[in-house]
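Numbered from 1 within each chain, the chains take letters A, B, ... in sequence-line order. Hydrogens, waters and symmetry mates are skipped; everything else that's a heavy atom, side chains included, is used.
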Number of protein chains: 2
Amino acid sequence: MNRYESILKDVGLKRTDIRLRMLNIFMNSEIALSHHDVCEQLGDGYDKVTVYRNIYTFVNKGVLHETPNDGRSAKFACNLQDVSKTGAHAHFICEICGNTFCLQFRNSSELSLPGNFKVNHLSIVAQGVCSECDKNEKY
Amino acid sequence: MNRYESILKDVGLKRTDIRLRMLNIFMNSEIALSHHDVCEQLGDGYDKVTVYRNIYTFVNKGVLHETPNDGRSAKFACNLQDVSKTGAHAHFICEICGNTFCLQFRNSSELSLPGNFKVNHLSIVAQGVCSECDKNEKY
DNA sequence: GATTAGATGCAACTAATTTGCATTTAGATT
DNA sequence: AATCTAAATGCAAATTAGTTGCATCTAATC
Ligand SMILES: [Mn+2]
Ligand SMILES: [Mn+2]
Ligand SMILES: [Zn+2]
Ligand SMILES: [Zn+2]
């Protein structure tokens, strides 16, 4: 039983080809992926509705999380070992390529907000230029 | 010349009925509004495409800003006097009603991130329960 | 009042996501 | 190993969000 098979077993989901492939895609991506991105990487022969359903199944099971996003479509990324499981990590969105990165940076959850807001979860989103885009920028 | 008329004049946009109404709607809303929300408040007789175009016109002119959002559609809110103009303010998203609130809370822009990220802009998004939803919660 | 850049309205389009339902299959049970 | 069934998949169709093109209209300037 490989890494992906045991994730599926752990969260109580059936072992299917598309799920193994989706896990492989997400676990090897440095950036958060949209539904469209995943379909592209899967190639032909997989149903887009099944991909949607599995993304949300994974989110519900705590395998993936939805990231803050630029643009119009939702993006998702793996929940990594320690940091992401809690959800309490920062994100970086590149203003040039639009890629979203999960950062190994814990949000300090101490923040007193004005008003009667009960804060459960704090997220920090940084925007700027990723290293790849910084390299390619023209002067 | 009223408040809304002078905003339009200031940013160099023509005074039209739908724009005045849109400004009125945004300026009197405590929460960020989606295109759909705005259309609903406008009622019949206004074209949805014109609403889209005016939202983005206002964003470009610095009258509105797009907020981080839950869910699938973009949300927008007024740029308030001091704080929001810089963009450097925090947001609160209610996990129950889904409403997004702009907070009068400046983000500290001091944050050193791991990796080679050039940070231009930092945003803090808090999630939790808004006061309205807190009131109505069943125990 | 005439001019015109900018604004609006309508129709048609694309993209993103959801729903319903019939069929298939993984994994448990016998 | 054959049987069973809840869960998963695939296809089609619907819905929702946002965009584009173009003809018409009008606010602001002269
Ligand atoms: Mn993340
Ligand atoms: Mn805001
Ligand atoms: Zn980039
Ligand atoms: Zn709420």
**Asked** How close or far is atom P of D:dA17 from atom CD1 of B:Ile55, stated in whole angstroms?
**Response** 12 Å

**Message:** Taking the nucleotide of DNA chain D with the nearest heavy atom to each, does B:Leu13 or B:Tyr52 sit closer to the 5' end?
**Reply:** B:Tyr52

**Message:** Any donor-acceptor pair under 3.5 Å linking the side-chain atoms of A:Ser34 with those of A:Asp37?
**Reply:** yes

**Heavy-atom side-chain contact between A:Leu20 and A:Leu8 under 4.5 Å** = yes

**Message:** Can you list everything that forms a ring pair (Phe, Tyr, Trp, His ring centres under 6.0 Å) with B:Tyr52? Sequence neighbours excluded, please.
**Reply:** B:His35

**Complete:** Of D:dG18, D:dC11, C:dT17, the nucleotide closest to the side chain of A:Asp47 is D:dC11

**Request:** Could you check how far CD of A:Glu40 sits from C1' of C:dA16, rounded to whole Å?
**Result:** 15 Å

**Nucleotide C:dT8, atom C1' - distance to CG of B:Leu20 in whole Å** = 14 Å

**Item:** Position toward the 5' end of DNA chain C (nearest nucleotide), A:His36 or A:Val49
**Value:** A:His36

**Item:** D:dT9 OP1/OP2 closer than 4.0 Å to side-chain N/O of A:Arg53
**Value:** no

**Spacing of B:Lys9 atom NZ relative to C:dA7 atom P, expressed in whole Å** = 14 Å

**Message:** Taking only side-chain N and O atoms of A:Thr16, does any of them lie within less than 4.0 angstrom of OP1 or OP2 on D:dT9?
**Reply:** yes

**Message:** From CZ of A:Arg21 over to P of D:dT9, roughly how many Å is that when rounded to an integer?
**Reply:** 13 Å

**Prompt:** Starting at the 5' end of DNA chain D, which residue's closest nucleotide do you reach first, B:Lys14 or B:Ala74?
**Reply:** B:Ala74

**Prompt:** Does a nitrogen or oxygen in the side chain of B:Thr50 sit under 4.0 Å from OP1 or OP2 of C:dA7?
**Reply:** no

**Ring geometry between B:Tyr56 and B:Phe76 (parallel below 30°, tilted from 30 to 60°, perpendicular above 60°)** = perpendicular

**Asked** Given atom CD1 of B:Ile18 and atom C1' of C:dA7, what is their separation to the nearest angstrom?
**Response** 10 Å

**Item:** Residue A:Lys48, side-chain atoms from C-beta onward, closest of C:dA11, D:dG18, C:dT17
**Value:** C:dT17

**Asked** Which whole-number value in Å describes the distance from A:Tyr56 OH to C:dA16 P?
**Response** 12 Å

**Prompt:** What is the distance, rounded to the nearest whole Å, between atom CD of B:Glu5 and atom P of D:dA27?
**Reply:** 12 Å

**Asked** Does a sphere of radius 6.0 Å around CD in A:Glu95 hold more than 12 heavy atoms from other residues, nucleotides or ligands, not counting ones at 6.0 Å or beyond?
**Response** yes

